Amino acid sequence: MIHLVLQEKLQQVVNALMPEADVSNILVRPCPEPKFGDYQTNALIGLAKRNQLNPREFAAQVVEQLDVTEYCEPIEIAGPGFLNFRLKAMALSDSLAGAARGEHLFYHTDAEPRTVVIDYSSPNVAKPMHVGHIRSTILGYALAKVFRLLGHKVVTDNHIGDWGTQFGKLLVGWKEHLDKEALGQDALAEMERLYKLVNAASDGDEAVLARARNELVKLQDGDAENLAIWHEMIDLSRHQFDEIYSRLRVNFDETLGESFYNDRLKGVVDELIAQGIAEESEGAQVVFFNDHKSLKKHPAIVRKSDGAANYTTTDLATLEHRQNTWQPSEVIYVTDGRQQLHFQQLFALYDRWKPNHGMKFNHVWFGAILGEDGRPFKTRSGEIIRLAGLLDEAEQRAFDTVSKKNPDLPEEERNEIARVVGLGAIKYADLSGNRQSDYVFNWDTMLALVGNTAPYLLYAFTRIRSIFRKLGDESLTRPKAFALDQAEELTLAKHLLRFGLVLELVIEECRPNYLCNYLYELAGHFGSFYENCPVLQAGGDTRTQRLALCNLTGQVLQTGLETLGLETTDRM
RNA sequence: GCCCCGGUAGCUCAACUGGAUAGAGCGUCUGCCUUCUAAGCAGAAUGUUGUGGGUUCGAGUCCCGCCCGGGGUACCA
């Protein structure tokens, strides 16, 4: 983590020269252009200007005091006052040799681990999971793994939608229109059919609506028959969710659905009323945010006029439970961007309810999935694309490709490769973009096997594995030092050193695409290295060092991919 | 109406939070498989970053106006 050492020394020097200045935003970053150096800072320019100093003269003063000769060639002052750092060969060598000895993998765990609750996936009972759910699931799982890699304690929680007004209509449908055979074949599809059926029938039909309300009241009052049906719907749904999660290789520490908090809802509202936070308005219990600029016009309802709680109430109870149970320093919600207002309300409301909670709230939202016409995504028939079908298609395409590229592999192995590659492609397609951008769904883009895709990264990994297979029984000697002279070796090695920087950026911004970009670049640098720097045919120290470089690249690739939730394969 | 996102190459997307010449992939064109897996590598072409102003050493990024698209906007989640 050389850049952190540079950064710390730089901050110390600036602090000595300018004691009042806030040095926390004086950062050392990789140079965008290698020709300028390996790392740079541009923070001195702004700092000098804010203090009516000449930036270049100030930079010169800093450089005068800054002793980094252990790591860098003489610092260059460039342009209006950039500092450019160029790594000494020895510093690079030391870092690589340490990693080769297994002392680190170019990142370090946080000295002050935090506890983080991450809420993701959260599908609704009785509705099939579709492509929209995959984003939350895959993003949330990847984020959890990055936090864990950096030493934080993570509690993942799948907040399933298993309680609420939709069960009124579902119960009517179940009792009046259930097709048991269809239920046995595809339970979620059948439940969805029932819901849509009753939903359509209730449109403008008071009698149907009344039946649905009645069934819901009976359920909430603990009617034995309705409770039994409700339980069955949950079991069937969860069974299908678990199938998807198992295919995606995603898991959760907790699965506490909305119903888990049911007994607490009344108490939450009563407390809000007693504390004068909630008040009656138009028959409902409502919280106004008059002192809150952006929420002024958007009060939150915590009890509907019919007396029932809603999702704000449930989410308040959920936050309370999380605070009491895990005392997290941060709670992260991974949902689509349409819920931004809801979470603004929730966070503001919780701040008022429990002012000393000490938690940082973070709504990590993502953009919509659009069709090729740029409108919200639907297939031609109007049906939302099901997740299971998407996964099947991905694996099939990967299987066809591996069978073409490598027909001699046993079918069983090709199947396993297809699974890893196909699922990896889907996950990577979801992770590699900026999560806040809407994205246009396209089968060929999402399932592409060339270009900036998971298979590209996996392929680089298999080439490394292949080299080590060729090595056979020969034991790997650890180089004591790295004397790299080829441009491709240096580029690759220096990129390895940035791994930790990227991981920290990912958890700061909750954006796994930074890690995707990094790994893609790493695989690219490895590709050039692989073409230009023979490994097994090289001799002496060069061979030893290149083998070690391959090994380290493989480790970073594998760690990075696994952290994103992707598996690796030795052959493709 | 108001609020929040967004608009970048023909297409799909990046751009390390205000940095140096805006980058990748797909598609198009040109080379490279008796040598560690060609799902690869090397190279070419492609841009008024929606638009008009402003801020400053420096703007895709920040501020203001306008155009276009999406979402939200009191009892769905």
Side-chain angles (χ1 to χ4, degrees), chain A residues 27 29-33 35-36 40 42 45-46 49 55 78-82 84 122 124 161 164-166 258 281-286 294-306 308 310-312 314-315 335-342 344 365 367-368 370 372 374-376 398 401-402 404-406 421 429 432-434 436-440 442 444-446 448-453 455-456 458-460 462-471 498 501-502 505 508-509 511 513-514 516-518 520-521 524 527-528 530-538 546 550 571-572:
Chain A
L27 303 177
R29 292 292 177 198
C31 268
E33 284 275 354
K35 70 177 181 193
F36 294 127
Q40 69 166 219
N42 57 44
I45 306 169
K49 298 204 95 167
F82 292 97
N84 289 330
S122 309
N124 288 316
T165 45
Q166 77 268 29
E258 292 171 342
S281 171
E282 298 176 29
Q285 286 297 329
V286 177
S294 61
L295 292 178
K296 209 167 186 171
K297 292 182 174 173
H298 301 288
I301 291 173
V302 292
R303 178 184 289 159
K304 301 190 283 182
S305 51
D306 65 3
N310 66 1
Y311 67 136
T312 301
T314 312
D315 278 352
T335 82
D336 70 80
R338 288 176 303 184
Q339 300 192 38
Q340 286 177 86
L341 178 59
H342 164 66
Q344 279 180 37
W365 59 271
L370 308 174
E372 309 222 25
R375 294 187 317 196
T401 302
V402 71
K404 198 170 74 195
K405 302 274 183 192
N406 233 333
V421 172
S432 61
N434 182 338
Q436 294 185 339
S437 309
D438 291 348
Y439 83 74
V440 175
N442 175 288
D444 292 329
T445 305
M446 190 144 197
L449 303 174
V450 294
N452 184 357
T453 63
Y456 180 79
L458 293 169
Y459 184 71
T462 62
R463 287 172 136 185
I464 294 170
R465 298 306 307 153
S466 179
I467 288 173
F468 285 99
R469 264 200 308 280
K470 289 273 191 308
L471 207 55
R498 298 183 184 179
L501 187 81
V502 168
L505 205 57
E508 265 169 44
E509 309 281 332
R511 281 179 51 181
N513 71 308
Y514 290 141
C516 293
N517 293 347
Y518 169 83
Y520 179 66
E521 285 164 7
S528 305
Y530 183 88
E531 297 288 332
N532 291 291
C533 305
V535 178
L536 294 173
Q537 276 111 350
R546 286 182 179 171
C550 288
R571 281 181 231 265
M572 282 171 72

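Every chain is numbered from 1 and lettered A, B, ... according to where its sequence line falls, protein lines coming before strand lines. What you see is a predicted model, and the numbers here were worked out from it, not measured in a lab.
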Exercise. Can you check whether P534(A)'s main-chain N or O pairs, donor with acceptor, with R546(A)'s side chain at less than 3.5 Å?
Worked result: yes

Exercise. To the side chain of N310(A), which of C2(B), G70(B), A77(B) is closest?
Worked result: A77(B)

For this session: Report yes if the side chains of R29(A) and L501(A) come closer than 4.5 Å at any heavy-atom pair, otherwise no.
Result: yes

Exercise. Is there a donor-acceptor pair closer than 3.5 Å between any side-chain N or O of N84(A) and the backbone N or O of A78(A)?
Worked result: no

For this session: Ignoring backbone atoms, establish whether K405(A) has a side-chain N or O less than 4.0 Å from OP1 or OP2 of A39(B).
Result: yes

Problem set entry | Aromatic stack F82(A)/A20(B): centroid gap under 5.5 Å, interplanar angle under 30° | yes

Exercise. Considering Watson-Crick and G-U wobble pairs with both distances under 3.5 Å, what does G69(B) pair with?
Worked result: C5(B)

Problem set entry | Closest-nucleotide 5' rank along RNA chain B - winner of G283(A) and R469(A) | R469(A)

Exercise. For A15(B), does either OP1 or OP2 sit under 4.0 Å from a side-chain N or O belonging to N513(A)?
Worked result: yes

Problem set entry | Nucleotide of C16(B), A15(B), A74(B) approaching S281(A) most closely (side-chain heavy atoms) | A74(B)

Exercise. When rounded to the nearest Å, what value does the distance between P atoms of G47(B) and C4(B) take?
Worked result: 35 Å

For this session: Check the distance between A39(B)'s P and N452(A)'s CG and give it to me in whole angstrom.
Result: 18 Å

Exercise. Quick one: does N84(A) reach the base of A20(B) with a side-chain donor-acceptor pair under 3.5 Å?
Worked result: yes

Problem set entry | side-chain N/O Y456(A) vs C41(B) OP1/OP2, d < 4.0 Å | yes

Exercise. Taking the six-membered ring for Trp, does F36(A) stack with A20(B) (centroid gap under 5.5 Å, planes within less than 30°)?
Worked result: yes

For this session: For A9(B) and G50(B), measure between their P atoms and round to the nearest Å.
Result: 8 Å

Exercise. What do you reckon, is CZ of R469(A) surrounded by more than 12 foreign heavy atoms closer than 6.0 Å?
Worked result: yes

Seminar exercise, completed: Checking A38(B), C16(B), U35(B) against the side chain of Q537(A) (C-beta onward), the nearest is U35(B)

Exercise. With both distances under 3.5 Å as the test, what is the Watson-Crick or G-U wobble partner of C41(B)?
Worked result: G31(B)

Problem set entry | Nucleotide forming a Watson-Crick or wobble pair with A15(B), both distances under 3.5 Å | none

Problem set entry | Spacing of the C1' atoms in G10(B) and G54(B) (rounded, Å) | 33 Å

Exercise. Looking only at atom P, what distance separates U46(B) and C36(B), rounded to whole Å?
Worked result: 36 Å

Exercise. Counting just side-chain N and O atoms, does Y311(A) come under 4.0 Å of either OP1 or OP2 of A77(B)?
Worked result: no

For this session: Assess whether one donor atom and one acceptor atom, taken from the side chain of S437(A) and the base of A14(B), lie less than 3.5 Å apart.
Result: no

Problem set entry | Whole-Å gap separating C1' (G40(B)) and CD (E531(A)) | 6 Å

Exercise. Which of these nucleotides, A74(B), A77(B), G25(B), is closest to any side-chain atom of Y520(A)?
Worked result: G25(B)

For this session: Identify the nucleotide, in any strand shown, that forms a Watson-Crick or G-U wobble pair with G10(B), with both distances under 3.5 Å; if there is none, say none.
Result: C26(B)

Problem set entry | Whichever of S432(A) and K35(A) has its nearest RNA chain B nucleotide further upstream toward 5' | S432(A)

Exercise. If anything within 90° of 0 is syn and all else is anti, what is C13(B)?
Worked result: anti

Exercise. Is G47(B) paired to anything, Watson-Crick or G-U wobble with both distances less than 3.5 Å, and if yes, which nucleotide?
Worked result: none

Exercise. Are any of R338(A)'s side-chain N or O atoms less than 4.0 Å away from OP1 or OP2 of C5(B)?
Worked result: no

Exercise. How far, in whole Å, is G60(B) from A22(B) if one measures between their C1' atoms?
Worked result: 7 Å

Seminar exercise, completed: Of C2(B), C16(B), C36(B), the nucleotide closest to the side chain of K297(A) is C2(B)

Problem set entry | N42(A) side-chain N/O to G18(B) phosphate OP1/OP2 under 4.0 Å | no

For this session: Rounded to whole angstrom, note down the C1' distance from G23(B) over to A45(B).
Result: 15 Å

For this session: Measure the shortest side-chain to side-chain distance between W365(A) and Q339(A) over non-hydrogen atoms and say whether it is less than 4.5 angstrom.
Result: no

Seminar exercise, completed: Ranking A20(B), C76(B), U73(B) by distance to the side chain of P32(A), first place goes to A20(B)

Exercise. Is it true that a side-chain atom of Q340(A) and a backbone atom of G337(A) form a donor plus acceptor pair closer than 3.5 Å?
Worked result: yes

